[in-house]
Structure formats: C-alpha cells, structure tokens
Amino acid sequence: MRARHPNQLTRTVALVMVYLLAVTAGAAFVTRLAFQHATRSLLRVHFAAVPHHAASALGIWMHNGTIVVGFAVFLGCAHFTQRDPHAGRAERRILRACDGALLLWATGTAVFAGVLAGAYGSRQLHAFLPQGPVEVAAWALLIALYIEVRRQQLAVVRAARLLAVVLAMLAVAAVLELWVGG
C-alpha cells in the first residue's frame, strides 16, 4: 500500500485538525453564549496545579498511551479485516463500530474542550497551554492514521512508526504540562 499522494497524510491531518478546532470553537461559542453559568455550576472546575514530578508526567503519558493502544487495536482491525477477501458482514460491522467509536471519542473530546473554554474563558485557555497544541496535533495525527489505514493508503510499517511519533508527542505534551505550563 502506498499513499495516493506524498502529502495525503498531511492533508488528512490538516482536515482532522480543522474538524476538531471547528467543533471545539462551536461548543465554546454556544457554551459562552447560553450556558456559561450553568456549566460552571455543573462542572466546578478547580485549576489546581499538577505536582511537578516525573511520576506525574509519566502518569499523564501512560493515560494517553492507553488511548493510543486502543487506536492501535482499531488500526489492526481495519488493516487485517480489509485485506481479507472473505471478510463478511460481521467484520464490516466491527469496522463500522470502530469508525463510530473513534468519531464519538474525537467529537466528544473536542466538545468537552470547547465547553470548558466557553465556561471558563481565558483561564481555561491558559490551562490548555503550552501542552494543548502538541496534544491536539498528536490526536489529529492518530485519527489521520486510522483514516488512511481504512482507505488502505498507508503501509503498516509506516503506521507503526507514526504511532511511535504520536507517543513521543504525547510525552512532550506531558512534560510541557508540568514544567512549562501553569
């Protein structure tokens, strides 16, 4: 499997980023406009700093790593099921379930980030920095990997290498969250 175009993965990452940012911005706008006070009383977010310890960064990275492992399982399902010429209805349903689960996770995460930004404004945006853009880029790359594997446009070896890049990006984000942010 080869990419249709050398920049196809980059384009897919960009489209995923646009989608995630649009959903986040929309949720922030609606929350700020109509539900700011109700959201604050419901969520009651406390902006406490995470302890600046290596164990805390490792814990954040491990949590995010479990999500990456879930994606890796979905990537494997997509790759092997699509390659099987005898794949039946059950396999196609499994793929659609993976597609739906990933769409719900990505959209739900973006909506929640938008709701937080809409409810708490600049204070929440400050809490998202500097690690937020690194995390969003990592998640966008991960989602784009899945899309390209589903399109059968990405070799397994390249996907595995890019999964390692995602894990590295998430490690950087964990360190930024503790020692640069806040």
Side-chain angles (χ1 to χ4, degrees), residues 9-52 56-57 59-75 78 96-151 162-163 165-182:
L9 181 62
T10 304
R11 289 178 185 168
T12 304
V13 170
L15 288 173
V16 169
M17 288 279 262
V18 167
Y19 173 78
L20 294 174
L21 293 175
V23 168
T24 302
F29 179 75
V30 169
T31 300
R32 178 64 108 192
L33 190 64
F35 304 107
Q36 181 180 21
H37 299 294
T39 302
R40 282 184 175 200
S41 67
L42 178 68
L43 295 179
R44 293 188 176 126
V45 172
H46 301 284
F47 293 92
V50 178
H52 292 236
S56 297
I60 292 167
W61 182 74
M62 293 291 288
H63 169 75
N64 289 335
T66 60
I67 297 168
V68 174
V69 169
F71 266 89
V73 169
F74 285 2
L75 283 167
R96 281 191 223 110
C98 290
D99 295 348
L102 296 178
L103 178 64
L104 286 173
W105 171 81
T107 303
T109 301
V111 166
F112 188 62
V115 166
L116 287 170
Y120 294 99
S122 62
R123 187 156 185 206
Q124 183 62 53
L125 293 176
H126 183 263
F128 284 150
L129 295 174
Q131 77 282 357
V134 178
E135 284 187 13
V136 171
W139 299 130
L141 175 57
L142 195 58
I143 294 165
L145 281 173
Y146 180 79
I147 292 168
E148 291 303 309
V149 167
R150 282 286 275 127
R151 290 178 178 165
L162 290 169
L163 279 174
V165 169
V166 169
L167 286 170
M169 291 171 73
L170 292 171
V172 168
V175 170
L176 287 173
E177 184 170 354
L178 296 183
W179 282 285
V180 179

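Note that the structure is predicted; figures quoted are calculated from it, not measured.
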Nearest non-hydrogen partners of Gln124 and Phe47, listed with the distance: OE1-CE2, 3.3 Å
Heavy-atom pair with the smallest gap, counting every atom of Glu135 and Ala173: CG-CB, 3.4 Å
Roughly how far, to the nearest 0.5 Å, is CG of Leu141 from CD of Glu148? 11.0 Å
Tyr120 (side chain) donor-acceptor with Val45 (main chain) under 3.5 angstrom: yes
Test side-chain contact (heavy atoms from CB on, under 4.5 Å) applied to Leu15 and Ile147, step by step: CA-CA 11 Å; Leu15 288 173; Ile147 292 168; over 6 Å; no
Just so I know, are the side chains of Leu145 and Val13 near enough to count as touching, which here means a heavy-atom distance under 4.5 Å? no
CZ-CG distance between Arg123 and Leu125, expressed to the nearest 0.5 angstrom: 12.5 Å
Is there a side-chain contact between Leu43 and Phe112, using heavy atoms and a 4.5 Å cut-off? yes
Give the table of side-chain donor-acceptor pairs shorter than 3.5 Å for residues 16-26, with sequence neighbours excluded, one pair per line with atom names and distance.
from, atom 1, to, atom 2, distance (Å)
Tyr19, OH, Thr107, OG1, 2.5
Thr24, OG1, Leu20, O, 2.8
Thr24, OG1, Ala110, O, 3.2

Could you check whether any side-chain heavy atom of Leu170 comes within less than 4.5 Å of a side-chain heavy atom of Ile67, counting everything from C-beta outward? no
Leu9 side chain near Leu162 side chain, heavy-atom distance below 4.5 Å: yes
For residues Ile143 and Phe71, report the shortest heavy-atom separation together with the two atoms involved. CG1-CZ, 4.0 Å
Minimum heavy-atom distance Ala119-Arg32, with the two atoms named: O-NH1, 4.2 Å
Just wondering, more than 12 heavy atoms not from Phe35 lying within 6.0 Å of its CZ? no
Taking every non-hydrogen atom, the tightest pair across Ala57 and Ala174: O-CB, 3.5 Å
What do the steps show when you test Thr109 against Trp139 for side-chain contact (heavy atoms from CB on, under 4.5 Å), and what is the final call? CA-CA 10 Å; Thr109 301; Trp139 299 130; 5.8 Å; no
Quick one: are Arg151 and Thr12 in side-chain contact, heavy atoms under 4.5 Å? yes
What distance do Met169 atom CE and Asn64 atom CG have between them, rounded to the nearest 0.5 Å? 12.0 Å
With a 3.5 Å distance limit and no angle check, can you tell me whether Trp61 reaches the backbone of Val175 through a side-chain donor-acceptor pair? no
Compare every heavy atom of Arg150 with every heavy atom of Ala78, then report the nearest pair and how far apart it is. CB-CD, 3.6 Å
Close side-chain approach of Val172 and Leu176, heavy atoms under 4.5 Å: yes
